[in-house]
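Contents: one structure, followed by commentary.
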Amino acid sequence: MCGIVAYIGKKEAYPIVIKGLERLEYRGYDSAGVALLKESKINLFKEKGKVQDLKNKAANEDVSGTSGMGHTRWATHGEPNMVNAHPHLSGNGKIALIHNGIIENYAALKTTLESRGHVFQSDTDTEVLVHLIEEIQSKNNLDLAEAVRISLGEVTGAYAIVVMSTDEPDILVGARKGSPMVVGIGKDEFFMASDATPIIEYTKNVVYLEDEEIAVINRKGKLSIKTISNEDVAPAIQELKMEIEALEKGGYDHYMLKEIFEQPRSIYDSMRGRIDSTKGDIHMGGLEEYRNTLMNAKRIIVVACGTSWHAALVAEYLFEDLARIPTEVEYASEFRYRNPVIYEDDVVVAISQSGETADTLAAIELAKQKGATVLGVCNVVGSSIPRATHAGAYTHAGPEIGVASTKAFTAQVTVLIQMALWIAYNRGAINQAKLTRYLVELEAIPAKVEKTLKCAEYAKELAKMIASSDNALYLGRGYNFPIALEGALKLKEISYIHAEGYPAAEMKHGPIALIDENMPVIVLATKNSQYEKTVSNIQEVKARKGKIFAIVTKGDTEVKEMADYYIQVPDCPEELSPLISSIPLQLISYEVALLRECNVDQPRNLAKSVTVE
Ligand code: M6R
């Protein structure tokens, strides 16, 4: 939610900052801006819209300078326009600031600052912070870093910020609390960014700032870090494992399509080193320390948002079905505010692709306060959630850039299946023979996903029948129910068609009223323990002239006969079936969005990483 990037060194900053913004654009894309420091002057370029619009605007301008910073915005306070775009300047024009997060007490601060003569240009909370820094600096005659430190002591809320000043052209000051910030250490140059993607092509050495830390990067090669309470911190340098190719489209038209087609690999990667069917072995190294807690857990609570919440629903089926542990699934945003009953022997599992979702982070903090053990299932290595949880398992899906989650979802489900099997086997809920059978099936999944992807051409055909609809209904039972929800979310977020996911049996309790000849009904009718029941639900739709788009298991004859359109997928145990049946739904959504000429990778109003509540 908002991307920030900054550079200081000997090179021209603008190309680095612009490229960085393009990599961070998944975080927000309603306006963008850049500040460049040159000869004691800050040159500011801002534009409503995409980074490309900013580039067009700056095309014939002087964009030179070896210190610069940029911002791509997802609006919270103030509509998306040029004035509200970051960077924001102090009243005297000497300080510029970019910000990701929300300054919650901005209104009170603004009133005080206005009474002292500060005049504001924008409707943003961010502009208040840069005026506050100016006020504190000039009143107390402080250097920039100290003025930032004291100012941050007065704000409440979440932030990742970078600040520059014409008075100190050889430094940039960054800080974080609740929003991510990584510092890149190059040779005689430094970078700061919301994540490592703008940095990776220049250096692999990074420091992830912790909450309430302030970093000063100095053109002369010095990095110093302090806490807001003025304690020095020794930078903990880590090496990035990411490769630059993972951030490119690799010949695909969109990141989403690339990520859909990466799934045989990403699913394989999320099992690598964890299972071995020939030995009947399963290891969850990251969870080992909490083995006993998990084995003895009376209850598991899974918290997440969006697509990760759908993975959590799959986990509920898995943990109860295989491991026989009562499991509850919660929207993180509801859980954190509804005073939930949490016991010390509860295990809370937080699922997140980005590892930065504010609501999920808050749910984790609440669970920790109540004494529960909190485990994370995250994709982005080094992000906030893996650092906030007691232990966890990475999904290893690689960077997911498309805003609509695809490969991160199947990697989450793969990890959750392994967790369920690991717990089930160690608790004695399944025996060795059963475990080995599941492991053999799990190892076969990447090849089956590869086969499923061959349905891409059929997905195009089905998409033509759905693209002009205003609504769509997705139905599934058992393990297919969360996939129906996920299919509906994929369609609505990238093609803006209103879609609902339902347990197929629930349809008769209301949604059936919507069905007529114009309603596409996408039914997950793969062979599972509830197949016959699903067949009956299809009949109910057909009796009301609904159009059936069925996902069926290869070899099926019954549903194929009834369906108007169908896609066949390989057979697999139903506990693993979400990994297969989600694939055609991803492809259908992608193709529908293309037909409707929607921006597949950057759907309107959305952002990849939701770091505000
Ligand atoms: O990074 P997270 O997994 O925590 O993100 C949660 C949701 O914001 C995310 O899944 C969102 O729903 C995606 N746009 C779904 O495609």
Side-chain angles (χ1 to χ4, degrees), residues 1-3 25-29 74 178-180 194-195 197 254-257 259-260 263 266 270 302-315 329-336 349-364 376-389 392-395 397-413 415-416 474 482-483 485-496 499 501 582 585-590 593 598-613:
M1 205 119 275
C2 299
E25 204 166 18
Y26 72 88
R27 298 178 70 89
Y29 32 82
W74 185 87
S179 296
S194 300
D195 69 33
T197 57
H254 297 96
Y255 283 111
M256 182 182 176
L257 191 62
E259 288 155 8
I260 291 173
Q263 287 175 107
S266 51
S270 58
V302 196
V303 294
C305 304
T307 286
S308 297
W309 186 81
H310 297 151
L313 277 185
V314 178
V329 178
E330 298 267 3
Y331 283 113
S333 54
E334 289 298 313
F335 181 77
R336 62 181 291 195
V349 178
I351 307 175
S352 173
Q353 187 287 130
S354 62
E356 300 295 348
T357 302
D359 286 319
T360 310
L361 267 165
I364 289 169
V377 175
C378 285
N379 193 37
V380 178
V381 176
S383 56
S384 300
I385 290 177
R387 287 184 292 140
T389 45
Y394 279 115
T395 50
E400 188 181 69
I401 314 278
V403 164
S405 188
T406 52
K407 67 171 180 171
F409 173 71
T410 48
Q412 288 167 344
V413 172
V415 167
L416 293 162
Y474 284 71
I483 304 310
L485 294 184
E486 174 58 9
L489 177 64
K490 284 288 87 79
L491 188 73
K492 62 188 146 195
E493 69 181 335
I494 60 168
S495 70
Y496 318 141
S582 51
L585 303 191
Q586 296 168 350
L587 285 164
I588 291 171
S589 303
Y590 173 79
C598 297
N599 187 332
V600 173
D601 284 332
Q602 295 173 347
R604 70 184 180 205
N605 304 339
L606 291 175
K608 183 79 184 155
S609 170
V610 185
T611 56
V612 295
E613 61 170 281

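Whatever order the structure lists ligands and atoms in, that order sets their numbers, starting from 1.
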For [X], atoms of ligand 1 separated by under 4.0 Å from a heavy atom:
{"X": "S354", "value": "1 (O), 2 (P), 4 (O)"}
{"X": "A404", "value": "16 (O)"}
{"X": "S308", "value": "2 (P), 3 (O), 10 (O)"}
{"X": "Q353", "value": "1 (O), 2 (P), 3 (O), 4 (O)"}
{"X": "E493", "value": "13 (C), 14 (N), 15 (C), 16 (O)"}

Worksheet, complete the sentence: With heavy atoms and a 4.0 Å threshold, my read on which part of E356 contacts ligand 1 is neither
Measure the distance from [atom] to every protein heavy atom, then report the residue, atom name and distance (to 0.1 Å) of the closest one.
{"atom": "atom 6 (C) of ligand 1", "result": "C305 O, 3.3 Å"}
{"atom": "atom 11 (C) of ligand 1", "result": "T307 N, 4.2 Å"}
{"atom": "atom 8 (O) of ligand 1", "result": "V610 CG2, 3.9 Å"}
{"atom": "atom 4 (O) of ligand 1", "result": "T357 OG1, 2.4 Å"}

Worksheet item: Can you find a non-hydrogen atom of V403 under 4.0 Å from ligand 1?
Response: yes
Worksheet item: Just distances here: any N/O of S405 and N/O of ligand 1 closer than 3.5 Å?
Response: yes
Item to complete: Consider every N or O of T360 and every N or O of ligand 1, then say whether any pair is closer than 3.5 Å.
Response: no
Item to complete: For residues H254 and Y590, establish whether the separation of their ring centroids is below 6.0 Å.
Response: yes
Has [X] got a side-chain atom pairing as donor or acceptor with [Y]'s backbone, closer than 3.5 angstrom?
{"X": "K407", "Y": "E259", "value": "no"}
{"X": "Q412", "Y": "C378", "value": "no"}
{"X": "Q263", "Y": "I260", "value": "yes"}
{"X": "N379", "Y": "A397", "value": "yes"}
{"X": "E400", "Y": "A408", "value": "yes"}
{"X": "Y394", "Y": "S270", "value": "no"}

Practice prompt. Any chance you could lay out the side chain to side chain contact (heavy atoms under 4.5 Å, CB included) test for W309 and L485, step after step, and finish with the verdict?
Written response: CA-CA 10 Å; W309 186 81; L485 294 184; 3.9 Å; yes
Item to complete: Show your reasoning for whether side-chain hydrogen bond (donor to acceptor under 3.5 Å, both in side chains) applies to T357 and D359.
Response: CA-CA 6 Å; T357 302; D359 286 319; over 6 Å; no
